[in-house]
Amino acid sequence: MENNTAQLVILDLGSQYTQVIGRELLKLGHKNIIFSTDTIGEYIKNNKPKGILLSGGAASVYDPDAPDIPEEIFKMNCPVLGICYGMHYVAYREDKSLVTGGEKHGKEYGPIEINIEDGELFRGVPKKLKVWASHGDVVSKVPSGYRATAHSGNAIEAMENTDKKIYAVQFHPEVFETEDNNLILKNFAENICGATVDWQAGDVIKEIRDEVLKKVGSGLTAIGVSGGVDSTTLAALLAPVMKNNLYAFLIDTGGARYKEIEEVKDTCKRAGINLHVVDAQEEFYKNLAGVVDAEEKRAKFKET
């Protein structure tokens with residue numbers, strides 16, 4: 001998201017679920033920004049978020065090129081939630097001997113059941129919880145000053161240090177397969193960080209409009225409309241603020257379904273879209289005549 005500030009910040013450490021963390025926080029009503037390890041430093045110099053989430057990642061903390069978390073994050077006195085690799089990094093940072101590398105333990109991927117003792121992250125969460133694991137490293141012992149708050153068998157699945165405001169889970173609370181109804185993220189954002197609700201779904205429309213207007217200014221802007229959902233929806237979002245400066249066009253190739261062009265024109269009229277239909281049937285028929293091979297047909301279509 002291209003927001004200037006946000007109460008919650010996500011540090012992307014290479015997880016396939018980083019965007020999911022952001023999406024689930026939005027569902028809870030919390031604006032957030034995702035940064036890389038190279039870009040977060042400048043942001044936190046000038047802004048003080050209420051909480052920082054460390055995403056998971058595919059690396060082991062023992063990998064030579066493993067992501068390194070800027071030390072400034074741990075000195076900000078704001079709550080930090082380490083997820084998967086984030087948890088391993090927290091423990092490794094405190095004491096390298098506390099993390100067992102994946103080559104010794106063996107990677108774990110899939111659903112597991114954890115036993116929750118207590119902890120600020122787990123208010124209202126069932127004592128037995130099905131979660132999604134995807135990791136190789138394992139925290140074999142909690143660092144000094146921390147306490148374990150969840151286990152699966154002999155494995156430590158969560159830990160916290162309330163004095164340092166550092167919380168960590170080895171599983172992924174952001175994914176659908178973790179059956180907590182987003183309570184863990186909600187507890188972190190609202191109960192631990194004190195983040196207030198500052199986003200709702202309708203904000204997306206304003207963000208899209210503001211972003212486009214910032215880029216195109218007050219000049220004439222062209223947008224292609226195919227009749228599909230994506231292009232038509234975007235045109236409908238922009239039409240009320242750009243009015244006649246938005247030039248929407250539909251190319252009639254002659255290959256549309258029966259009355260499809262009329263349907264698109266009607267939809268655009270009702271949405272206030274300034275639509276212009278370009279009749280290019282003759283050009284397409286001429287250029288594609290006799291072409292049978294699918295790849296050649298695509299190339300000819302693009303040429304036209």
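Quantities reported herein were computed from a predicted structural model and do not represent experimental measurements.
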Exercise. Test Val142 against Leu98 for side-chain contact (heavy atoms from CB on, under 4.5 Å), laying out the working first.
Key: CA-CA 7 Å; Val142 295; Leu98 302 180; over 6 Å; no
Exercise. Report the residue from His151, Lys128, Lys127 that forms a side chain to side chain donor-acceptor pair (under 3.5 Å) with Asn115.
Key: Lys128
Over all heavy atoms of both residues, which pair between [X] and [Y] is shortest? Give the atoms and the distance, please.
X      : Y      : value
Gly22  : Asn32  : O-ND2, 3.1 Å
Leu183 : Gly124 : CD1-O, 3.4 Å
Thr5   : Tyr43  : CA-OH, 3.3 Å
Ser218 : Asn245 : O-ND2, 3.2 Å
His30  : Asp198 : CA-OD1, 3.4 Å
Pro143 : Ala91  : CG-CA, 3.9 Å

Measuring from [X]:[atom1] to [Y]:[atom2], what's the distance to the nearest 0.5 Å?
X      : Y      : atom1 : atom2 : result
Ile21  : Leu26  : CD1   : CG    : 12.0 Å
His276 : Ile251 : NE2   : CD1   : 13.5 Å
Leu8   : Lys50  : CG    : NZ    : 9.0 Å
Phe301 : Thr253 : CZ    : OG1   : 4.5 Å
Lys300 : Glu296 : NZ    : CD    : 6.0 Å
Asn182 : Asn187 : CG    : CG    : 10.5 Å

Could you check whether any side-chain N or O of [X] sits under 3.5 Å from a backbone N or O of [Y], counting only pairs where one atom can act as donor and the other as acceptor?
X      : Y      : answer
Tyr247 : Asn274 : no
Asp95  : Ser97  : yes
Lys243 : Pro240 : yes

Less than 4.0 angstrom from a charged side-chain N to a carboxylate O is my criterion; do [X] and [Y] meet it?
X      : Y      : answer
Lys164 : Glu94  : yes
Lys259 : Glu262 : no
Asp266 : Arg270 : yes

Self-check item: Pairwise ring-ring contact (aromatic ring centres under 6.0 Å, His included) hits with a residue in residues 152-185, at least two apart
Solution: Tyr17-His172
Quiz item: For Ser36 and Asp12, does a side-chain donor sit closer than 3.5 Å to a side-chain acceptor?
Solution: no
Self-check item: Under 3.5 Å side-chain donor-acceptor pair for Glu157 and Ser152
Solution: yes
Taking side chain as C-beta onward, heavy atoms only, is [X] less than 4.5 Å from [Y]?
X      : Y      : result
Thr221 : Met242 : yes
Leu54  : Leu13  : yes
Thr232 : Thr267 : yes
Leu11  : Ser55  : no
Val212 : Val241 : no
His88  : Val139 : yes
Leu28  : Leu185 : yes
Leu25  : Ile10  : yes

Quiz item: Yes or no on side-chain contact (heavy atoms from CB on, under 4.5 Å) for Leu53 and Glu174, after CA distance, side-chain angles and deciding distance?
Solution: CA-CA 11 Å; Leu53 297 92; Glu174 68 274 21; over 6 Å; no
Quiz item: According to a 4.5 Å side-chain heavy-atom criterion applied to Ile, Leu, Val, Met, Phe, Trp and Tyr, with indirect links allowed, do Tyr62 and Ile69 form part of one hydrophobic cluster?
Solution: yes
Would one find more than 12 heavy atoms of other residues, nucleotides or ligands at under 6.0 Å from atom [atom1] of [X]?
X      : atom1 : answer
Lys141 : NZ    : no
Asp230 : CG    : no
Glu303 : CD    : yes
Asn181 : CG    : no
Lys48  : NZ    : yes

Quiz prompt | Those residues that, when tested against Arg147, pass side chain to side chain donor-acceptor pair (under 3.5 Å) (two or more places apart) | solution = Asp118, Glu160
What pairs of donor and acceptor atoms, side-chain ones from residues 72-87 against any protein atom, are under 3.5 angstrom apart with sequence neighbours left out?
residue, atom, partner, partner atom, Å
Tyr85, OH, Pro67, O, 2.5

